[in-house]
Amino acid sequence: MNNLLSIENLNIKFKSKKTYTKVVTDVSFDIKKGEILGLVGESGCGKTITSLSIPGLLPKDAIVENGKIIFDGHNIMDFNEKELTEIRGNRISFIFQEPSTSLNPLMPVGNQILENIVIHKKISKEEAKKSVISLMKKVGLSDTENMYKKYPHELSGGQKQRIVIAAAVSCNPALIIADEPTTALDVTIQAGILELLKELNAEYGSSILFISHDLALVNQMCDRIIVMYAGFIIEFSEAENIISSPLHPYTNGLIKSIPTESKKGKKLYSVEGRVSHLRENEKKCPFASRCTIAQDICFKSVPELRELIPGHFVRCFLAKGDKNG
Amino acid sequence: MDKYILEIKDLKKYYKLPRKKIFESPKFLKAVNGVSFKVERGETFGLVGESGCGKSTVGQTIVRLHNSTEGNIIFNGRDITNISGKPLKELRKDLQIIFQDPYSSLNPKKKIGWILEEPLKVHKISGSSERKSRVLSMLEKAGFDKSFASRYPGELSGGQRQRIAILVSLMLNPELIIADEPVSALDVSVQSQILNLMKDLQKDMNLTYIFISHDLNVIYYMSDKIAVMYLGEIVEYGDSESVYKNPKHPYTVSLFSAIPDLDNKDKKRIILSGDIPDPVNPPQGCPFYTRCPYVMDKCKTVKPESKNFEKNHTVKCHLY
Amino acid sequence: MKKNFNLIFGLSVIIFLFVFMFISLFHTPYSPTEMNIRERMQPPSAEHIFGTDQFGRDILSRVMEGSQTAFFVGFVAVSIGLIFGTFLGAVSGYFGGITDEIIMRIMDAMLAFPVILFALMFVSVFGVGIKNTIIAIGIMSVPSFARITRSGYIQHKQFDYVKSAKAMGAGPLRIMFLHILPNVISPIIVAASMGFSTAVLSEAGLSYLGLGVLPPSPSWGRMLNESQIYISKAPWFAIIPGIFITLTVLGFNFFGDGLREYADNTEK
């Protein structure tokens, strides 16, 4: 079996005032063993909710309508809290955006890595501590003996994120979910963290679900990219295909709106309007109201995600296989 | 009129830190440590650097939200470093600032119309009905319907809010606008709207921009000149083409290489070791020597001087 | 959205008391000060719903008249505290530094002083009477308003809209009261509602001690005081004003809590 994780037909909604808002609709994808899969989209597209649903960490008011999350051959949706706790931090671990809030401010950083090991593995404290030190070296921290005893506020943002990563890989997880892991960091620090994630991926063979709003960043990190919009997967393919020949008008617009060297002096493309989520039972393309090529059909039914070109999926009635969306 | 609208000479801004012990001599956070540059009328001057490099402090000091510790700010040929009272209030008309976070820069309890009219009221410009019609014409300029005047900021999206914030800064017909990370808090698809609007308005109203950002692609897209800041100093400055395509300072080189680039996925990256030093105790000599891959003995003790390359490209580095 | 029980309950009680007070301005069943020795200490009956006191005065009428005193004291004392407290808190929070130090240390000193003790001193220096009672209670409520206002200003002065107002040339007073105040007003209003009940309670306490409202004008606290020697013979005499004091305090406290809940919900 090649797939580590398969999500099938995931639907999540939130209750809002009178009606329900669908934040994740009909989301299905696989993560292969050892791959770095990119999940890209703007704020409110449902990427974080999707990722939180994997180890059962959804907020209480989220309602999962249906869908399966098959991890290593088991449907995690059926797991009880105790079974989920065993998986979290051990088989599936998280790296969040903000390193300063994902660490406990009152616990020395070394202990926070230790904590994760002690919970999941039955080894002595001494042994665990040794492995913490070696982990800290592995994630590129120096002066580890000293740093072990330091508190989060004594560390820089980049160092903190390295600690978070060390904790995340401490139990050798099969899947690491990295939700905007470098967004709070500076570019020169970001480059180091990305390099580290790639190294760890190569060395331990952990799969990484890499979530970001930054298409260029995801392109740099990942083999395959999923583009989400308003809770839908609207495009899915190899990174190269997405960047160089996007099929969906939204992806295409997004790429055209990013300032790059070649666009200097020209007007930037911009996607007008704002994201609106579909209400329950609303039938139309989620992007229709902002789409420049939308036609009648787009306002009447929800397009399916279809494989337009082998290996390149798109959720659009009008996309054509022969040229850019 | 003078070619240069603004000239900054050796600007320093130190913040006094609270003492930890009673008899300790006070420590200073050197946010801006000797910055000089000139801005030409009508151009966009890009100021790029990472968090904590002092770029925002430079911007806020120019519009006199802070007083500088040392140095001179010369605006339209007049030294405005220490003016206060009425002349300062008059100056505010010509010198405006746009902030990063449109969720905090618009007063949540006031309607858009009120927010836009306020600058005119503060300076007692024209009568009430004239002010109101000016507000409406400005709204139209940025592509808003008139009805927006009676909405609250909470009803607007981030991009719309930032467009309003830009309009607020333009109400008094300023000459120079400091844009402090104006698109960093926005989604990519919205960013481009703001950048386009700023460019259009610049042409329309003869504006000069100082555009501050950490995002090099945005800076390059917007600017005619680029200055790269590191630890309170400008380490490299020049025409944007020259700096972007041919960076000289090792910091600029690594900064540029670290930026994910859509056009070029597998470009070679130079990864810097270590973190930005503490601005309370900046290193002696070159501020960058602690992370520089080409560090020499000289760098640790002697502060590098500005060196000229070509006609308009200066670098502070001992390598050259 | 869940029904805001606190707000609804508090508001109903306040409206009830207000109507009660409003009617008393024009009509009371009997004259609240007219004595009738033959009818002294009557238990509640159809004629006198709440009974009569030791001089045969109708307790319902006196409670009604007393509600005027309570509302008047509460309203004026809270206004004094609100106006001065908000101003001092705004100045303190906005300017910070040495101004803040001086103002807040004075406020701390005042907070350390028991309200009743201060009122006792104040009244003994300036004379007994409703005016001085109100001033004393008002002064003592200044610090709590100042503290609440100050913390709002400290938070809001960092926001960019304040910097933006500064950069456009708006002066400090304009920024403080036109720009920031609307954003920090809701906790102040909550505090005002709570302050109202404190003021009513303080007035009752002072009047009970004989230092507040002078006889013969009725006050709930004074009624309590007068009733205590008859407590075994005429318990209603003590219970009725007690109930009204409790109702007022509860009403305004619930209303204050409800307002806070309401503000929290709408700000998200």
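Residue numbers start from 1 in every chain, and the chains themselves are labelled A, B, ... in the order their sequence lines are given, proteins ahead of strands.
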Side chain, backbone, both or neither: which part of [X] has a heavy atom under 4.5 Å from chain B?
X: Tyr269(A); result: backbone
X: Ile243(A); result: side chain
X: Lys266(A); result: backbone
X: Arg162(A); result: neither
X: Leu185(A); result: neither

Do you know the tightest heavy-atom contact between Glu42(A) and Asp187(B)?
-> OE2-CB, 3.1 Å
Give, for atom [atom1] of [X] and atom [atom2] of [Y], the distance between the pair rounded to the nearest 0.5 Å.
X: Asp186(A); Y: Leu255(B); atom1: CG; atom2: CG; result: 9.0 Å
X: Thr188(A); Y: Arg269(B); atom1: OG1; atom2: CZ; result: 13.0 Å
X: Leu268(A); Y: Ser189(B); atom1: CG; atom2: OG; result: 12.0 Å
X: Ile193(A); Y: Ile271(B); atom1: CD1; atom2: CD1; result: 10.0 Å

Is the count of non-hydrogen atoms from other residues, nucleotides or ligands lying under 6.0 Å from Lys245(B) atom NZ greater than 12?
-> yes
Taking atom NZ of Lys27(B) as the centre, report whether more than 12 heavy atoms of other residues, nucleotides or ligands fall under 6.0 Å from it.
-> no
The interface call for Ser240(B) against chain A, heavy-atom contacts under 4.5 Å, is side chain
Chain A contact via Ile270(B) - which portion, at a heavy-atom distance below 4.5 Å = neither
Is any residue of residues 218-228 of chain B within less than 4.5 Å of chain A by heavy atoms, and which ones?
-> Val218(B), Tyr220(B), Tyr221(B), Ser223(B)
Anything in residues 151-160 of chain B with a heavy-atom distance to chain A below 4.5 Å? Please list those residues in order.
-> Glu155(B), Leu156(B), Ser157(B), Gln160(B)
Please identify, among [options], the residue contributing the most non-hydrogen atom pairs under 4.5 Å to chain B.
options: Met221(A), Glu195(A), Glu261(A), Lys263(A); result: Glu261(A)
options: Ile189(A), Val271(A), Asn219(A); result: Asn219(A)
options: Gly192(A), Ser262(A), Ser43(A), Gly158(A); result: Ser43(A)

Which residues share a salt bridge (Lys or Arg N to Asp or Glu O under 4.0 Å) with Asp200(B), sequence neighbours left out | Lys267(A)
Looking at side-chain heavy atoms only, is the closest gap between Ile258(A) and Asn217(B) below 4.5 Å?
-> no
Report yes if some heavy atom in the side chain of Gln190(A) is under 4.5 Å from a heavy atom in the side chain of Pro260(B); otherwise report no.
-> yes
Chain A interface, residue from Leu195(B), Asn196(B), Leu272(B) that has the most non-hydrogen pairs under 4.5 Å = Asn196(B)
Short side-chain to backbone donor-acceptor contact, Ser270(A) and Ser192(B), under 3.5 Å | no
Quiz: residues 144-154 of chain A side-chain donor-acceptor pairs under 3.5 angstrom, not counting sequence neighbours:
residue   : atom : partner   : partner atom : Å
Asn146(A) : ND2  : Asp143(A) : OD2          : 3.4
Tyr148(A) : OH   : Asn111(A) : OD1          : 3.3
Glu154(A) : OE1  : Tyr151(A) : N            : 2.8

